[in-house]
Amino acid sequence: MASDHELGQTSVSPATGTAGEWGTWVVRYRVGPPGLGEGSAVRVQLPETWHVWYRNSSHGTHSTDPAADNYVTARCAKPGVALACDVLGGTTDEYVKASRQGLDGREQRYAFVTEVRVQRGHLAAGDEIEIVYGDRQGGSRGFPAPLHPNGPEALRAAVDPGGTGQFTALPQAAAGTLAGRPADPVELTALLPSQLTVGEPGELHLAVLDRWQNAVSAVGGTVVLGTVTGEADYPARFEIPATHEGVLRIPIAARAPGLLRLTARIVGGPAADLEALSNPVRVTATAAEARPIYWGDLHSHSLHSFDATGLHPFTYAREVAALDCYCLTDHAELLTDEQWQQITRDAADHDTPGKFVTLLGYEATFGGPWAHHNVYYRGDRGPLFGADRGTLPDLWRLLAHEVGEDDVVLTIPHHTGVLWTSLPGETVPGGMGPNPDWHHAEQGPNPYRPLIEIYSGHGQCEHLDPDHPLAYEYCDNSLCTSVPGPYYAWDVWLTGQRLGVLCSSDHHHAQPGLRQTGLAAIRAPRLTREAIFDALRSRQTYGTTGERILLDWSVAGAKPGADVLVDGPVRVTAAVAGTAALDRLEVIRGDLSGSVARNGDAAAAFQVVHTLTGQGELDLRLEWEDPDPPPAALYYLRVRQRERIRGRVPMAWSTPVWIERT
Ligand SMILES: [Zn+2]
Ligand SMILES: [Zn+2]
């Protein structure tokens, strides 16, 4: 119960909710000693997480249509009192992208303030006003509890006792709290490190998740492990401790070199029969042969951004997604100095070399002709230069002037070629996306930009293909389409810029590292911030849709990211280890020479030159020779698995190798 305050207090019942469950929540405002006369008012705001909906949207909340979702009403039992209830800037639209001002003064996509004004009558100290979120009396489904709960969060409330329009905020202690909790477990994930040496202690990481990828605690039961490929020592049965946070870590050790995969199955308890196949581990006989791959999500947002929510992105990244590295990249443009200091501190506090590495970064949200770019620092401090400070070339000039060379700061573009717009049959606010003009005089090769984010939860920007299953059109955390034009990775490669490839989620509700929203595979000698940064800078990366697929390949004996001179045929070799049956491996060649490249016709310059179709194998090896390569070209590898993960086709994209004929 909230404590007494002279302007009254608010509380809410029930004080909890189960993720995604429809219900009715009643906020009670108990009037303080000044009373409330005609014209006076109270304002209430639920925690932002309670307004999160699908597709990076808030869910319209309103006081206008009794039959629509999220209908809010107000009532008072005292005779003679009449109230007017208004959700400020409210709407019955299902997907809402616009921001509204919250009671803390911030413009936020998930801020909905309900104002209740006394139209007639007088309320004395101790009288109550009830504000009903999800009033179902007119046929509404009610109001959904948060899809991604954060635990207890404070309500906000403010009172205008004099009816002057001057609202005074209630202190947090007088406003009460509301707590979301995960829903029932429906999924088990099993993750292993991608590199182990025989006998080296390792951990199998298991996460029990609900349908919104929240970790579900205290499921009880027993885990039974098995081996699918390779050999390992592990406890055959693992009793799930009575208290856990939805995550289990089981010690394992590989017994033989090769590819190791384990299965896990839960027996008994509410998560019974959930099972998972782990990602593949490359096991080497000695540490000297190890070539570790680290998994990162280097693009995600939290409550610091105007269009995002979520209080615990670092915890989710480390504990639930079991990432090796993570960067919180909130939008720079509306961040305050205090927020940037907080982000800087959080990144430093969570950086644990050898276990979980963080980078310090942010997003500079440029429109065309530049594209959104994330900025990453090698060190633990750095200035904040958003799109409010000018153009992308201005950013590069500021970084050169204030920070230094590209060995300490990087900028990586993402979701190029996107159009924020309505999907057919839907009404949502649209707008142009950040479509880059790669031919712009100041948008040429730049040492700060070694990589492109080729896939995120929004979709792929490898090339223009609106029919691709991972096109912006079909990715469910977006409301967008693909823009025809030279805005994609193929197009930037055609200009001669040597960008490597990675993927990251761009998750907006503090759940980085999901299995369907994009991961960066980073080949670094060790897990430290400096080693990860240097690997990014030298393009020792590839990207996946989120599955920890192992991808090894070379062109003319050269590793991804390299430039190599050839005379005669080009030999391509690849070894791919999937997380499920592989559908196909494709070698794609981009002809960077001749009139096709000069005309900028990406669809003509890029071709699938070789395909290896799988027959249900987990692992495939490819050997192929290009008998007559163009005078200048790049080659990259694309991988596709058969079974969809959470509705999406799992894929991987290598960084190219560039060749020139002597
Ligand atoms: Zn962006
Ligand atoms: Zn973003």
Side-chain angles (χ1 to χ4, degrees), residues 52 55-58 97 99 108-110 148 296-310 313-314 316-317 323 326-335 339-340 343 347 358-376 384-389 391-392 395 410-421 429-436 443 449 451-461 472 475-483 487-489 492 502-514 516-520 543 546:
V52 164
R55 296 178 163 180
N56 267 2
S57 302
S58 65
K97 300 287 188 190
S99 296
Q108 234 276 346
R109 179 173 292 177
Y110 303 92
H148 310 295
D297 187 341
L298 304 182
H299 183 185
S300 103
H301 298 267
S302 73
L303 185 61
H304 295 302
S305 290
F306 74 96
D307 59 351
T309 64
F314 290 92
Y316 194 93
L323 291 176
Y326 172 60
C327 187
L328 177 67
T329 51
D330 276 310
H331 294 288
E333 290 73 22
L334 294 173
L335 287 183
Q339 284 177 308
W340 179 235
I343 290 166
T358 63
L359 295 178
L360 175 64
Y362 60 85
E363 175 169 345
T365 317
F366 300 106
W370 311 118
H372 296 187
H373 280 65
N374 288 326
V375 177
Y376 302 96
L384 190 68
F385 298 136
D388 50 332
R389 298 288 299 270
T391 64
L392 175 65
L395 170 69
L410 299 176
T411 60
I412 302 179
H414 61 263
H415 59 46
T416 62
V418 73
L419 175 66
W420 312 119
T421 188
M432 277 307 283
N435 304 315
Q443 175 92 274
R449 185 164 68 184
L451 299 165
I452 182 169
E453 187 183 297
I454 203 166
Y455 173 83
S456 75
H458 291 289
Q460 63 88 12
C461 58
Y472 298 128
C475 285
D476 63 6
N477 78 341
S478 304
L479 277 167
C480 43
T481 54
S482 309
V483 184
Y487 308 124
Y488 300 83
V492 69
L502 54 65
C503 304
S504 281
S505 72
D506 201 6
H507 200 275
H508 275 62
H509 303 138
Q511 288 189 334
L514 299 180
Q516 78 282 24
T517 54
L519 282 184

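Both counts, for ligands and for their atoms, begin at 1 and track the order of listing.
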| request: Indicate whether the side chain of Y110 and that of H509 have a donor and an acceptor atom separated by less than 3.5 Å. | output: yes
| Atom of D506 closest to the Zn ion (ligand 2), considering N, O or S atoms | OD1
| Only one of H299, H372, H414 clears side chain to side chain donor-acceptor pair (under 3.5 Å) with E453; which? | H299
| query | Counting backbone and side-chain atoms alike, does H331 have an N/O/S atom under 2.8 Å from the Zn ion (ligand 2)? | reply | no
| request: Identify the residue among N435, V492, L419, V418 that makes a side-chain contact (heavy atoms from CB on, under 4.5 Å) with Y487. | output: N435
| note | Which atom of H372 is nearest the Zn ion (ligand 1), counting N, O or S only? It is ND1
| request: Flag the pair V52 / H508 as yes when at least one side-chain heavy-atom distance between them is below 4.5 Å, and no otherwise. | output: no
| field | Close side-chain approach of H331 to S305, heavy-atom, < 4.5 Å | value | yes
| Does H299 put an N, O or S atom under 2.8 Å from the Zn ion (ligand 2)? | yes
| task | Identify, by name, the N, O or S atom of E363 lying closest to the Zn ion (ligand 1). | result | OE2
